[in-house]
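Worksheet: one structure, shown below.
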Amino acid sequence: MATISATGAALVWFRRDLRLADNPALHAAIETGRPLILVFIDQRDRALGTAPGEAADWWLHGSLASLARDITAAGGRLSLLRGDPAELIPGLAREHGIAEVFWNRSGEPGIDVRDRTIAATLQGSGTKPHAFAGTTLINPDALLTGSGTPYKVFGAFWRAALRDLAPRPSLPVPQRLPMAATLPAGAALEDWRLRPANPDWAQGFHDRWQPGEAGAAQRLERFLDDALDDYADGRDRPDKPGTSMLSPHLGFGEISPRQVWHSVQARLAAGTGFQAAERFLAEIGWREFAYYLLHHFDDLRTANFNRNFDHFSWRSDADGLAAWQAGQTGIPMVDAGVRQLWATGWMHNRVRMVCASFLVKHLRCDWRDGMAWFEHTLIDADRAVNAASWQWVAGSGADAAPYFRIFNPVRQGERFDPEGRYVQQWVPELARLPLRWIHQPWKAPAITRQTAGLKLGAGYPFPVCDLAAGRDAALAAYKDMKTVSSDTPPD
DNA sequence: GTTTTGTTATC
DNA sequence: ATAACAAAA
């Protein structure tokens, strides 16, 4: 048994937990009374899938800048390192005489496994590792059905979770960060070039988002003040600021689900309607469910949760996929969503469902292609949530929408963008079209289109697929799949 | 977290 | 002719 140096430093390894408040690893490190070394390691491991998309990189830059500022204000310093943590962390431990290493678990099985080997290496060389929960509220191993199996239905899962969910109070922001005398020589954030320069396609991101802990807190307060009371309806309206827009902040750990939980409880105590709060917390619940599923089914990102879908006849439609990715499908709600994604790095949740359904059902493209694209373009790309959500829409997932629940993007537009303002904002080609036709421009009389300055096929595309035909083909493919899979014994 | 279709009720 | 509803997909 190796001995632990009483004089050594405590290393805090920041990952997707870029916050000072309610940070269990940081808190525990400070409690030791040891001098601190604070590092962030940028890992671009393709195999582990930890290389962020370009939009997420834009966010990472801002989040790290914010964290570094906050750390400096508390008398500390954040060292930015790049490389393989499995080598860097033990190396740092040796070079800097580090006694203990602290981090918060990721909640992603692949990363957690990797981290356990790092912990073992550290242990073997006399450095004590400490890993904490924090990414989620729920310990996935402690929540099982009566028969000891993982929940597969969200309602049952969340009900069971809520029965004894009593998150302890959030941890305070440390006032001072006493640093070790010698710190790792880190990179300058600017040198990592995480943000696009030329052309700066992220121009539209800057005035919409404030990455970092302060921005996260502000976003939450604004949501609770302005939108929570009407959340049950407002959340479905992409033309209005009805959702929390916390996803990128949660994804980078600038705010913890526990902080969100307690903030909502405080509003409940102050008179916020129970139904609205419950509805919002259920969205936190869906995030929990995604991590829970990925924990128990670690091929959730690559394989159909429902193996019957292994027999589904996905089309390899490169043109359709490209049109979808470009926001040029000719279906206004779909194109508006994708263009919002391009311009802001984010898409409204209702529209995510519409876009995903269109890709997976009308175009019958494989959900994994859609998932990959979202991870490349979303600032909130969360690997657990993305996998669970795409499988949900595709019908292959746990507690998924039945496959035959096929969103009609025209009807969705009429219901949730009833004044056409969302489409007008993101598809300006259609802005002058009367409301009656804005969600289905191909049906507008020629004279109306002409008056609105719209040339289908020139200014704005014809639909890449006929909605009724696409729907019927999807249902037929689903029927085929069921026939085939009932003939095929499960393996 | 849906849509479509068929049936019945109501103008 | 159309709204309202249930059932099927």
Side-chain angles (χ1 to χ4, degrees), chain A residues 151-159 227 230-240 242-244 247 275-290 292-293 305-306 308-309 312-313 331-334 337 347-364 367 370-371 374 382 384-418 422 436 439-440 443 463 465-486:
Chain A
Y151 285 96
K152 297 190 180 74
V153 175
F154 173 74
F157 161 82
W158 192 231
R159 232 185 337 274
D230 188 38
Y231 185 70
D233 297 318
R235 65 191 224 95
D236 275 326
R237 291 290 296 268
D239 57 334
K240 293 181 175 176
T243 63
S244 73
S247 53
Q275 212 209 332
E278 188 184 41
R279 203 63 204 265
F280 176 60
L281 288 176
E283 296 306 309
I284 299 293
W286 277 101
R287 178 179 177 277
E288 295 285 329
F289 192 45
Y292 178 87
L293 288 172
F305 180 84
N306 174 349
N308 287 344
F309 276 80
F312 189 86
S313 61
I331 313 291
M333 274 305 273
V334 174
M347 195 195 299
H348 187 280
N349 182 252
R350 164 65 47 182
V351 189
R352 290 188 198 203
M353 294 194 282
V354 173
C355 288
S357 173
F358 182 76
L359 182 73
V360 165
K361 303 199 172 169
H362 288 92
L363 296 182
R364 248 185 310 137
W367 59 266
M371 182 183 81
F374 267 23
D382 179 308
V385 174
N386 239 301
S389 304
W390 273 92
Q391 293 229 44
W392 183 87
V393 174
S396 63
D399 196 20
Y403 186 83
F404 47 72
R405 184 184 291 169
I406 297 173
F407 285 70
N408 179 336
V410 175
R411 239 192 95 50
Q412 289 284 312
E414 289 166 350
R415 277 170 67 188
F416 300 116
D417 182 27
Y422 182 73
R436 166 103 204 269
H439 293 298
Q440 42 182 348
K443 291 240 178 104
C465 96
D466 178 86
L467 290 179
R471 177 189 153 84
D472 291 347
L475 288 171
Y478 178 63
K479 211 168 162 188
D480 275 357
M481 178 195 86
K482 284 203 298 189
T483 314
V484 174
S485 46
S486 65

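What you see below is based on every heavy atom in this structure, not just the backbone, and it leaves out hydrogens, waters and symmetry mates. Below, read A as the first sequence line, B as the second, and so on, with proteins coming before strands; counting in each chain starts at 1.
The closest side-chain heavy-atom distance from A:Met333 to A:Tyr422 is below 4.5 Å. Within the 4.5 Å cutoff, no side-chain heavy atoms of A:Asn308 are placed close to those of A:Lys482.
In this pair, A:Phe374 and A:Trp390 present their aromatic rings perpendicular. The plane angle is above 60°, beyond the 30 to 60° band.
Atom P of nucleotide B:dT2 and atom CG of A:Asp399 are separated by 14 Å, given to the nearest angstrom. Atom P of nucleotide B:dT3 and atom CZ of A:Arg471 are separated by 9 Å, given to the nearest angstrom. Distance NE2 (A:His439) to P (B:dT3): 13 Å, rounded to an integer number of Å. In this structure, A:Phe407 places its CZ atom 12 Å from P of B:dT4, rounding to the nearest Å. For A:His362 and B:dT2, the NE2 to P distance is 14 Å, given to the nearest whole Å. One interatomic measurement links the two molecules: CE of A:Met353 to P of B:dT2, which rounds to 6 Å at whole-angstrom precision. Residue A:Arg350 contributes atom CZ, which lies 9 Å from atom C1' of B:dT2 at whole-angstrom precision. Straight-line distance from the CZ atom of A:Phe416 to the C1' atom of B:dT2: 10 Å, rounded to whole Å.
Minimum atom distance to the side chain of A:Gln412 is reached by B:dT2, of the listed B:dT4, C:dA9, B:dT2.
An OP1 or OP2 oxygen of B:dT4 is reached within less than 4.0 angstrom by a side-chain nitrogen or oxygen of A:Asn408. For B:dT3, the OP1/OP2 oxygens have a side-chain nitrogen or oxygen of A:Arg415 closer than 4.0 Å.
Of all heavy-atom pairs spanning A:Pro409 and A:Phe358, the tightest one is CG-CD1, 4.4 Å.
Using a 4.0 Å heavy-atom distance criterion, A:Arg235 is classed as a base contact.
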